[in-house]
*Asks:* 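I have a structure here, written as structure tokens, and I will follow up with some questions on it.
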Amino acid sequence: MGMTNEQIARVFDEIADMLEVSGDDFFRVRAYRNAARTVRECATSLSTMTPSQIRELPGIGEDLASKIETLIKTGELPLHRELSRKVPPGLVALLRVPGLGPKRVRALNQELGVRDLNTLKSALESGGIAKLKGFGPKLEQHLRQYLAQLDNKTPERLRYVDAAAIVAQLIGHMKKSSAIVRLEVAGSFRRKKDTVGDLDVLVESTEPEAVADALISFPMVKEVVARGETKTSVILQNGFQIDLRVVSRQSFGAALIYFTGSKAHGVHLRRIAQRKGLLLNEYGLYREGKMIAGQDEEGIYRALGLAWIPPELREDRGEIEAAELGRLPRLLELEDMRGDLHTHTTWTDGRATLEEMALAASARGLEYIAVTDHSRRLAMVHGLDPKRLREQWREIEKVQAKVPNVKLLRGIEVDIMEDGSLDLPNDVLAELDWVVASVHYKLNQAPNAMTKRLIKAIRNPHVDVIGHPTGRLINQREPSNFDLDEVLRVCREEGCALEVNSQPDRLDLNDVACLSAKRAGVRLVISTDAHHPRDFAAIEFGVSQARRGWIEAADVLNTRPLNELLRLRR
DNA sequence: GATCATACGATCGTCACTATTCATAGTGA
């Protein structure tokens with residue numbers, strides 16, 4: 001049978017969710033969550049491990065080991081099946097509603113028969129929720145607001161990273177077809193937008209039928225919505241749509257421009273073509289009915305008098321004017337990144353030891369990393385107080401001796417308190433090589449208060465950079481509201497940098513804010529916020545956002561060699 | 001459910017904030 005670690009982890013996570021709303025023992029729930037995490041992070045496939053090796057994993061005892069064995073052998077688990085039968089599927093989703101946890105969800109279910117978002121809505125309409133034990137008028141009001149906001153939300157777009165995972169599988173599958181000469185994924189995916197609504201797949205082929213068949217046989221496909229001569233559309237099990245277009249070699253470049261977009265970019269290009277007495281469409285660039293370009297993008301841009309424009313810039317935010325003048329930015333490249341200035345270890349909520357992180361950084365060829373664990377305000381992750389921070393410095397010294405080729409900077413991710421003060425005293429901060437200051441709670445402060453809070457932190461001379469400045473979590477949490485221009489002004493004045501956090505659900509600052517920062521003369525830091533060795537790879541996503549924001553290597557502090565970086569500190 | 005270790009039974013990351021029960025349960029980071 002065989003199951004991937006991710007699949008096993010998911011079963012355990014679902015069991016934990018279902019046990020939780022069933023009101024099962026909290027520690028049992030946590031045991032399943034821990035196990036899910038262990039399995040997910042295990043570097044070798046559990047299907048290839050012996051039972052005794054599995055038993056040795058931390059948090060996996062006799063019982064869970066045998067459950068894993070059952071899963072690998074049969075692909076399912078009686079406990080999971082039984083719980084799925086007992087617990088309404090929509091009930092688990094209610095745990096994600098702010099203000100609702102296992103206890104309240106259970107109460108809603110037992111007292112009012114609430115099973116999912118819809119029945120919750122009816123319960124709110126018919127009243128009575130506020131009378132439930134543990135519920136009151138305030139909470140009822142919050143729930144109403146939340147549900148109303150859900151209603152006007154546009155359908156969810158996938159995070160770039162999730163789209164990328166689908167693309168990787170899709171390409172692996174399609175490449176097996178010999179009918180495909182060339183394949184490119186266009187659309188917002190190619191422009192590296194932080195979220196992707198659907199996939200536009202462009203294929204060069206002389207056998208459109210065979211290419212369509214290849215797409216339709218992709219295992220994730222749930223439904224074929226359209227099938228024509230050159231266009232096929234399918235919907236995947238997760239609701240994501242893929243549009244396939246088969247084009248000829250001579251039109252490939254024109255189609256690539258057309259389907260990469262953005263729409264505004266395309267409109268602007270066609271206007272330029274018109275001005276020159278040309279016609280641009282998805283098949284090519286024509287003069288008096290005769291094709292003069294179309295096979296590749298460069299040729300079309302050239303014929304329009306433009307330099308080739310990187311997809312990340314194609315938003316009609318001035319890139320066409322810049323291309324006309326030969327003044328396109330020389331965008332930041334992945335290879336420009338020399339160090340990572342935001343990382344965590346097992347001293348707080350990291351999942352790997354300082355040594356493991358240092359070795360991973362070395363393996364990736366990084367020149368330096370800042371070890372920036374949390375400060376004490378984040379009690380849940382056992383945030384560092386001055387005493388433990390100093391203890392960490394001793395370990396940094398020891399690990400540095402073992403891993404000499406990556407410079408380990410003594411850092412902190414210090415919490416910005418509600419009033420803008422910092423969670424560690426200045427004399428301690430003064431001893432550090434690198435200080436990231438971040439907001440982790442009370443993210444929904446009024447805009448004025450949040451602006452003041454950030455500015456006070458920026459004015460602290462020890463702060464090098466503000467971490468994940470808006471606090472947004474893609475599809476989960478809105479960015480906090482503050483006056484970005486004012487914050488940028490003070491950053492510029494104080495020489496404080498802003499972070500582009502590369503975690504796939506943060507990407508914070510986003511592309512537009514990167515551009516604003518650049519225009520305001522504020523330096524950026526692109527970091528991964530790595531909690532695990534494999535997180536270092538996420539730098540790719542931060543770099544993409546920065547590229548979308550016209551960022552060049554010179555705009556980013558951690559493209560510099562170490563000595564230059566330290567000199568540039570304020 | 002795992003772990004530790006008085007080898008059975010206790011312990012398992014903490015703390016601040018919110019709403020309601022105004023001292024405490026529930027939630028969230």
*Asks:* On a whole-Å scale, what distance lies between the P atoms belonging to B:dT11 and B:dT18?
*Replies:* 32 Å
*Asks:* Give A:Asp25 one of three labels, base, sugar-phosphate or nothing, depending on what nucleic acid heavy atoms sit under 4.0 Å from its own.
*Replies:*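 Base contact - A:Asp25 has a heavy atom under 4.0 Å of at least one base atom.
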*Asks:* Would you confirm whether A:Arg453, through its side chain, and A:Ile416, through its main-chain N or O, come within 3.5 Å as a donor-acceptor pair?
*Replies:*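 The answer is yes, because a donor-acceptor pair under 3.5 Å joins these two groups.
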*Asks:* From CD1 of A:Ile129 over to P of B:dA19, roughly how many Å is that when rounded to an integer?
*Replies:* 16 Å
*Asks:* Assess, by modelled atom type and distance only, whether the side chains of A:Ser22 and A:Asp24 contain a donor and an acceptor separated by less than 3.5 Å.
*Replies:*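 On atom types as modelled, these side chains do not qualify, holding no pair under 3.5 Å.
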*Asks:* Taking atom P in both B:dA5 and B:dG1, what distance in whole Å separates the two?
*Replies:*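 Their P atoms lie roughly 23 Å apart.
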*Asks:* Under 4.0 Å, heavy atoms only, any strand: does A:Phe26 hit a base, just the sugar-phosphate, or nothing?
*Replies:* nothing
*Asks:* How many whole angstroms separate atom CG of A:Leu100 from atom C1' of B:dT27?
*Replies:* 10 Å
*Asks:* Return the value, rounded to whole Å, for the distance between atom CZ of A:Arg28 and atom C1' of B:dC12.
*Replies:* 16 Å
*Asks:* Measuring to OP1 and OP2 of B:dA29, would you say a side-chain N or O of A:Tyr441 lies under 4.0 angstrom away?
*Replies:* no
*Asks:* If we take the P atom in both B:dC12 and B:dT6, what is their distance in whole Å?
*Replies:*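 It works out to 15 Å between them.
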*Asks:* Within this structure, what is the CG-to-P distance between A:Leu143 and B:dG26, rounded to whole angstrom?
*Replies:*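 Between P of B:dG26 and CG of A:Leu143: 16 Å.
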*Asks:* With DNA chain B as reference, determine whether A:Val381 or A:Lys103 sits nearer its 5' end, using the nearest nucleotide of each.
*Replies:* A:Val381
*Asks:* Between B:dC8 and B:dT3, how many Å separate the two C1' atoms, rounded to a whole number?
*Replies:*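 13 Å, rounded to whole Å.
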*Asks:* In the structure shown, which nucleotide is the Watson-Crick or G-U wobble counterpart of B:dA10, with both distances under 3.5 Å?
*Replies:*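 Check on B:dA10: paired to B:dT3, both distances under 3.5 Å.
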*Asks:* How would you label the contact of A:Gly99 with the nucleic acid (heavy atoms, under 4.0 Å): base, sugar-phosphate, or nothing?
*Replies:* sugar-phosphate
*Asks:* Phosphate oxygens OP1/OP2 of B:dT18: is one of them under 4.0 Å from a side-chain N or O of A:His142?
*Replies:* no
*Asks:* Side chain to side chain contact (heavy atoms under 4.5 Å, CB included), that's the test. Do A:Leu384 and A:Leu424 meet it? Break it down for me.
*Replies:* CA-CA 9 Å; A:Leu384 305 179; A:Leu424 285 169; over 6 Å; no
*Asks:* Nearest to the side chain of A:Arg55 - B:dT27, B:dT3, B:dA19?
*Replies:*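 The answer is B:dT3.
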*Asks:* Can you tell which of B:dT20, B:dT18, B:dT14 lies closest to the side chain of A:Lys138?
*Replies:*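 The answer is B:dT20, which lies nearest to the side chain.
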*Asks:* Where the side chain of A:Asp63 is concerned, which of B:dT20, B:dA2, B:dA29 is the nearest nucleotide?
*Replies:* B:dA2
*Asks:* Rounding to a whole Å, what distance do you find between A:Leu108:CG and B:dG26:P?
*Replies:* 13 Å
*Asks:* What are the residues of residues 9-24 of chain A, sorted by number, that bring a heavy atom to within less than 4.0 Å of DNA chain B?
*Replies:* none
*Asks:* Touch check for A:His382, heavy atoms < 4.0 angstrom, all strands: base, sugar-phosphate only, or nothing?
*Replies:*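 A:His382: no heavy atom of the nucleic acid under 4.0 Å.
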*Asks:* Has A:Phe27 got its ring stacked on the base of B:dC12, with centres under 5.5 Å and planes less than 30° apart?
*Replies:* yes
*Asks:* Surrounding CD of A:Glu486 (heavy atoms of other residues, nucleotides or ligands, distance under 6.0 Å), is the total greater than 12?
*Replies:*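 Yes, because the 6.0 Å sphere around CD of A:Glu486 holds more than 12 heavy atoms from other groups.
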*Asks:* To the side chain of A:Arg30, which of B:dC17, B:dA19, B:dG13 is closest?
*Replies:* B:dG13
*Asks:* Using the P atom in both, what is the distance from B:dC22 to B:dG26, to the nearest Å?
*Replies:*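 Looking at atom P only, B:dC22 and B:dG26 are 15 Å apart.
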*Asks:* With sugar-phosphate meaning primed atoms plus P, OP1 and OP2, does A:Leu64 contact a base, only sugar-phosphate, or nothing at under 4.0 Å between heavy atoms?
*Replies:* sugar-phosphate
*Asks:* Anything under 30° is parallel, anything over 60° is perpendicular, the rest tilted; go ahead and classify A:Tyr160 against A:Phe541.
*Replies:* perpendicular
*Asks:* Select one nucleotide: of B:dG1, B:dT14, B:dT20, the one nearest the side-chain heavy atoms of A:Tyr32.
*Replies:* B:dG1
*Asks:* Classify the nucleic acid contact of A:His374 as base, sugar-phosphate or nothing, counting any heavy atom under 4.0 Å across all strands shown.
*Replies:* nothing
*Asks:* Taking any heavy-atom pair under 4.0 Å as a contact, classify A:Thr348: base, sugar-phosphate, or nothing.
*Replies:* base
*Asks:* Could you check which of B:dT27, B:dT14, B:dG1 has an atom nearest any side-chain atom of A:Ala379?
*Replies:*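 The nucleotide sitting nearest to the side chain is B:dT14.
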*Asks:* Nearest 0.5 angstrom please: A:Lys518 NZ to A:Leu524 CG, how far?
*Replies:*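 Here the interatomic distance stands at 9.0 Å.
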*Asks:* What pairs with A:Glu356 under side-chain hydrogen bond (donor to acceptor under 3.5 Å, both in side chains), at least two apart in sequence or on another chain?
*Replies:* A:Thr353
*Asks:* Report the distance from atom NZ of A:Lys442 to atom C1' of B:dC15, rounded to the nearest whole Å.
*Replies:* 15 Å
*Asks:* Could you tell me whether A:His382 atom NE2 has more than 12 heavy atoms of other residues or ligands within 6.0 Å of it?
*Replies:*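 Atom NE2 in A:His382 is not crowded, with 12 or fewer foreign heavy atoms closer than 6.0 Å.
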*Asks:* Once you apply a heavy-atom cut-off of 4.0 Å, does A:Lys67 come out as touching a base, just sugar-phosphate, or nothing?
*Replies:* sugar-phosphate
*Asks:* Is the ring pair A:His468/A:His440 parallel, tilted or perpendicular, if the boundaries are 30 and 60 degrees?
*Replies:* perpendicular
*Asks:* Could you check A:Arg377 against A:Gly134 and say which one's nearest nucleotide on DNA chain B is further toward the 5' end?
*Replies:* A:Arg377
*Asks:* How many angstroms lie between atom CE of A:Met357 and atom OG1 of A:Thr346, to the nearest 0.5 angstrom?
*Replies:*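 Output value for this atom pair is 9.5 Å.
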*Asks:* Could you give the CZ-to-C1' distance, from A:Arg33 to B:dG1, as a whole number of Å?
*Replies:* 14 Å
*Asks:* Can you tell me, in whole Å, how much space there is between the P of B:dT27 and that of B:dT21?
*Replies:* 14 Å
*Asks:* Taking CE from A:Met417 and P from B:dA29, how many angstroms apart are they, rounded to a whole number?
*Replies:* 16 Å
